[in-house]
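Some notes on the structure that comes next.
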Amino acid sequence: MNFENTLDFAQKLDKEDKLNAYRDKFIFPKVNSKEVIYFTGNSLGLQPKNAADYVNDIMKDWAELAVEGHFYAEKPWWDYHERLAEPLAKIVGAKPSEVTVMNTLTVNLHLLMVTFYRPHGKRFKIICEEKAFPSDQYMIKSQVRFHGYDPNDAIVELKKREGEHHFRKEDILKTIEEVGDECALILIGGVNYYNGQVFDMKAITEAGHDIGAYVGWDLAHAAGNIKLDLHDWNVDFAAWCSYKYMNSGPGNASGCFIHERFHGLKDIPRFEGWWGTNKDDRFLMKPEFEPMPDADAWQLSNAPVLALAPYLASLQLFQEVGMEALIAKRNLIVAYLEFVLHEIDKEVDSTFEIITPSNQEERGTQLSVFLHGEGRSLFEYLMKNGVITDWREPNVIRLAPAPFYCSFEDMFNFGQILKQGILSKA
Ligand SMILES: *Cc1c(COP(=O)(O)O)cnc(C)c1O
């Protein structure tokens with residue numbers, strides 16, 4: 001398609017956009033009494049308008065039924081979390097039995113490492129990406145120390161080549177082969193939070209299994225953003241937070257994937273709690289742990305139903321729309337944003353360097369843009385003028401036009417505000 005950097009053209013794309021009506025199902029903050037241009041759906045997704053109803057239903061059931069709500073609420077609380085498994089399974093490419101929702105992301109990765117990081121003999125190393133999201137770095141280091149190893153010996157970081165912005169697949173596969181039978185676990189962010197790069201999860205999982213390691217993925221920036229086929233890729237485990245592309249609300253619960261080959265095992269290393277026991281006799285309070293036959297065996301506590309309510313509300317929208325339609329719009333809107341950036345770059349004679357791969361297979365919704373010669377003041381100008389982006393040192397802005405609620409007109413308007421911001425400084 002030949003793009004044009006005009007309001008007419010952007011509006012034409014919006015008219016043709018099948019998801020355009022979904023914009024109205026979300027609540028936009030306002031700046032200068034105008035709805036913002038929201039680029040931070042990769043950090044905290046907007047609130048779906050149906051979320052409050054889902055929460056209020058629980059408040060009402062709690063008021064009217066109190067403890068009886070566990071069994072007699074319209075959506076009973078004791079198995080409330082099970083309602084999320086099926087829609088989530090579609091989003092991450094899993095069987096519903098392989099998905100469960102509990103705790104928060106970092107907690108879940110720790111819990112999953114109890115099962116999947118079992119260093120022994122010479123096999124004790126973890127391969128992760130360099131400059132991983134800080135929580136992942138802290139988590140991996142503390143796990144390694146917990147098992148009595150020195151992070152300097154036990155952690156192998158995948159590196160970008162000098163002067164390059166992306167990880168190369170051939171370098172990743174080579175490192176995996178080199179670490180070989182010393183590798184206990186590969187744990188990487190499926191989409192890199194900084195440059196927006198999508199890793200080849202299928203190939204990396206296969207390479208990890210070839211050397212006898214477990215392979216897990218942190219899907220914080222991937223779930224609800226890119227196409228995932230966790231079951232078919234044979235991924236051992238994965239976890240994601242729900243408040244980024246999945247619009248479930250701040251700090252909300254995390255989803256987990258555990259491949260079915262690990263289900264139904266009583267002797268697997270795992271931290272256990274009563275919500276992981278077979279639900280048929282959970283309330284018999286027996287001393288013996290009988291695991292649920294699926295990913296729910298990793299559950300510990302009864303579910304935080306008030307938190308799961310807005311997550312379920314949001315998943316209803318995902319059910320309606322489907323990942324395929326979201327991804328189709330995502331590809332178009334990100335390509336249009338990229339085009340607008342290049343056009344503005346020419347007009348203002350600046351130098352934006354997009355450090356996200358230009359190849360559609362290797363990126364999702366996010367474009368990370370290096371603003372050479374521009375400072376934090378430009379970011380602040382954007383915020384003041386109703387463009388919500390996120391700033392990372394030294395001078396990268398991350399732009400993630402979530403296909404659920406961002407419009408092509410937003411992309412055009414953003415270009416104009418960006419141009420003003422640069423010109424007003426010059
Ligand atoms: C957002 C994000 C997290 C956040 O973890 P919480 O436990 O939900 O605070 C962790 N890892 C990655 C890669 C992230 O992008």
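Just so you know, ligand 1 is whichever comes first in the structure, and atom 1 is the first atom listed for that ligand. Treat the numbers as computed from the prediction; the structure is a model and nothing was measured. Just so you know, residue 1 is the first one in the sequence shown, and it goes up from there.
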Do ligand 1 and Thr104 have nitrogen or oxygen atoms that lie under 3.5 Å from each other? no

Return the residue, atom name and 0.1 Å-rounded distance of the protein heavy atom closest to atom 8 (O) of ligand 1. Tyr243 OH, 2.5 Å

Any luck finding a side-chain donor-acceptor pair between His166 and Asn192 under 3.5 Å? no

Using a strict cut-off of less than 4.0 Å between a Lys/Arg side-chain nitrogen and an Asp/Glu carboxylate oxygen, indicate whether Asp229 and Lys227 qualify as a salt bridge. yes

Applying a 4.0 Å heavy-atom criterion (strictly less than), which segment of Asp136 is in contact with ligand 1: side chain, backbone, both, or neither? side chain

Arg330 side chain to Ala325 main-chain N or O, any donor-acceptor pair under 3.5 Å? no

What is the ring orientation for Tyr336 with Phe408, classed by angle as parallel under 30°, tilted 30 to 60°, or perpendicular over 60°? tilted

Using distance alone, decide if ligand 1 has a nitrogen or oxygen within less than 3.5 Å of any nitrogen or oxygen in Ser135. no

Please check whether Lys244 reaches ligand 1 - meaning an N/O of the residue sits under 3.5 Å from an N/O of the ligand, judged on distance alone. yes

Partner of Phe262 under ring pair (Phe, Tyr, Trp, His ring centres under 6.0 Å), picked from Phe237, Phe257, Phe116, Trp298, is Phe116

Where is the nearest protein heavy atom to atom 13 (C) of ligand 1: which residue, which atom, and how far? Asp218 OD2, 3.2 Å

Give a yes or no on whether the ring-centroid distance for Phe26 and Phe404 is below 6.0 angstrom. yes

Atom 5 (O) of ligand 1: which protein heavy atom is closest, and how many Å away? Thr106 OG1, 3.4 Å

Considering non-hydrogen atoms of the protein only, which is the closest contact for atom 3 (C) of ligand 1, and what is the distance? Phe133 CE2, 3.3 Å

Are the aromatic rings of His147 and Phe124 close, with centres under 6.0 Å apart? no

What atoms in ligand 1 come closer than 4.0 Å to a heavy atom of His221? 15 (O)

